[in-house]
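Structure record follows, encoded as structure tokens.
Everything numeric in this text was worked out from a predicted model, so none of it was measured. First the proteins, then the strands, lettered A, B, ... as listed; each starts at 1.
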Number of protein chains: 2
Amino acid sequence: MVLTEKQKELVEQFGVLNEKYGLPPAECRVWGLFLVADKVELTFDEIMETLNLSKGGTSNALKRLQMTNHIDYITKLGDKKRYFRCKLNNWTQMTKENFEKFDELNIILKKILRNRNSKTTSFNNDLKEVTEFLDFIYNEMLLAINKWEAKN
Amino acid sequence: MVLTEKQKELVEQFGVLNEKYGLPPAECRVWGLFLVADKVELTFDEIMETLNLSKGGTSNALKRLQMTNHIDYITKLGDKKRYFRCKLNNWTQMTKENFEKFDELNIILKKILRNRNSKTTSFNNDLKEVTEFLDFIYNEMLLAINKWEAKN
DNA sequence: TTTTTAGTTCACAATAAAATGAACTAGTTT
DNA sequence: AAACTAGTTCATTTTATTGTGAACTAAAAA
């Protein structure tokens with residue numbers, strides 16, 4: 001499979017952004033490839049050759065993308081190859097999970113607040129307000145996702 | 001400054017969580033220390049000694065936390081030392097910036113969508129729906145933050 | 001039953017990120 | 001001006017993360 005310059009550029013842009021969130025470069029590129037490719041089903045070798053990855057690297061990236069639910073694969077009768085596909089119907093779920101992680105921080109902040117020395121009143125009040133803000137936002141997020149799901 | 005076991009535990013928990021978001025361990029611990037400490041103003045040496053960090057490491061962590069607007073410092077007349085403090089009044093701003101980053105991904109997805117081969121109709125429609133969902137959530141987020149700011 | 005195909009695993013190499021601490025700067029005190 | 005204090009910088013080391021490719025497994029074809 002040959003990518004246009006534009007496709008390559010988009011794979012890299014998508015990659016760089018996701019690397020900022022801690023994904024390994026190879027995994028970002030594979031995910032990006034699925035998003036820009038002219039077809040929907042990609043084989044192991046196509047991915048490996050198009051992105052110039054090693055076998056191990058390709059295998060690892062695909063494994064991780066499956067574990068994180070970004071891709072899956074189908075098989076075809078009388079054909080040993082796997083046909084990998086990008087899943088796009090899981091973004092509300094993914095986003096929800098993102099907000100759960102956001103909430104985890106708040107959970108720790110609340111624990112910290114409960115254990116603080118009561119003498120630092122002003123700081124404690126400010127921290128309390130932060131946790132209330134985060135509670136509020138988290139809740140609004142869940143409402144927003146519900147609203148979207150009701151509409152669609 | 002001596003931390004209780006509970007305080008140490010909270011620093012580590014806060015640290016591990018933030019490391020997941022890509023912050024260096026030392027920086028996470030310094031930030032955490034500010035959150036659990038029994039006092040609000042901490043000096044360079046207190047931080048360094050309490051967390052067993054090197055001078056360079058401490059300096060670097062403090063620099064980064066200042067750049068990201070999590071801490072600042074005050075000085076006192078006839079005293080060369082800096083008194084570092086954790087800022088808690090910037091969380092709505094921080095949260096807003098987080099959502100901007102979230103929106104960056106959507107911006108790339110929209111670019112990708114515009115460049116896709118029109119033959120993969122179903123995939124393209126799914127991708128379009130993802131971008132619409134992300135648009136919707138981003139917008140709801142901004143509304144939620146405004147709502148909070150109006151209330152407070 | 002040998003060979004080919006499709007992919008995984010894993011020891012190792014390459015690269016990148018973080019921490020260390022000695023040498024430095026710049027302000028203070030003596 | 002010498003000595004001290006508070007913190008920064010930066011070359012080096014330490015540690016952790018990624019990627020590589022050869023050896024492997026397991027299924028299918030010859």
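Between A/R82 and D/dA27 there is no side-chain N or O to OP1 or OP2 distance below 4.0 Å.
A side-chain donor-acceptor contact under 3.5 Å links A/D38 and A/Q7.
Of the candidates D/dG7, C/dG7, D/dT8, the closest approach to any side-chain atom of A/K81 belongs to C/dG7. Taking only side-chain atoms of B/L53, from C-beta outward, the nucleotide of C/dT8, C/dT20, C/dA6 with the closest atom is C/dT20.
Direction change of the helix axis from one end of the helix from C/dT1-D/dA30 to C/dT30-D/dA1 to the other is 10°, with five pairs defining each end axis (rounded to 10°).
Nucleotide C/dA19 holds its P atom 14 Å from the CE atom of B/M48, rounded to whole Å. For the pair A/Y83 OH and C/dG7 C1', the interatomic distance rounds to 14 Å; values are reported in whole Å.
Taking a 4.0 Å limit (strictly below) on heavy-atom distances, residues 63-73 of chain A reaches DNA chain C at A/K63. Within residues 22-37 of chain B, the residues approached by DNA chain C to less than 4.0 Å at the level of any non-hydrogen atom are B/P24, B/P25, B/A26, in residue-number order.
Of the candidates B/N115, B/D135, B/T131, B/K110 forms a side-chain hydrogen bond (donor to acceptor under 3.5 Å, both in side chains) with just one, namely B/D135.
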Close N or O pairs between protein and nucleotides 12-16 of chain C (under 3.5 Å):
none

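A/T120 meets the side chain to side chain contact (heavy atoms under 4.5 Å, CB included) test with A/R116, A/F123, A/N124, B/V40; sequence neighbours excluded.
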Along nucleotides 21-30 of chain C, 5' to 3', which nucleotides get a B, which get an S, and which get a -, given that the test is a protein heavy-atom distance under 4.0 Å?
-> B----BB---
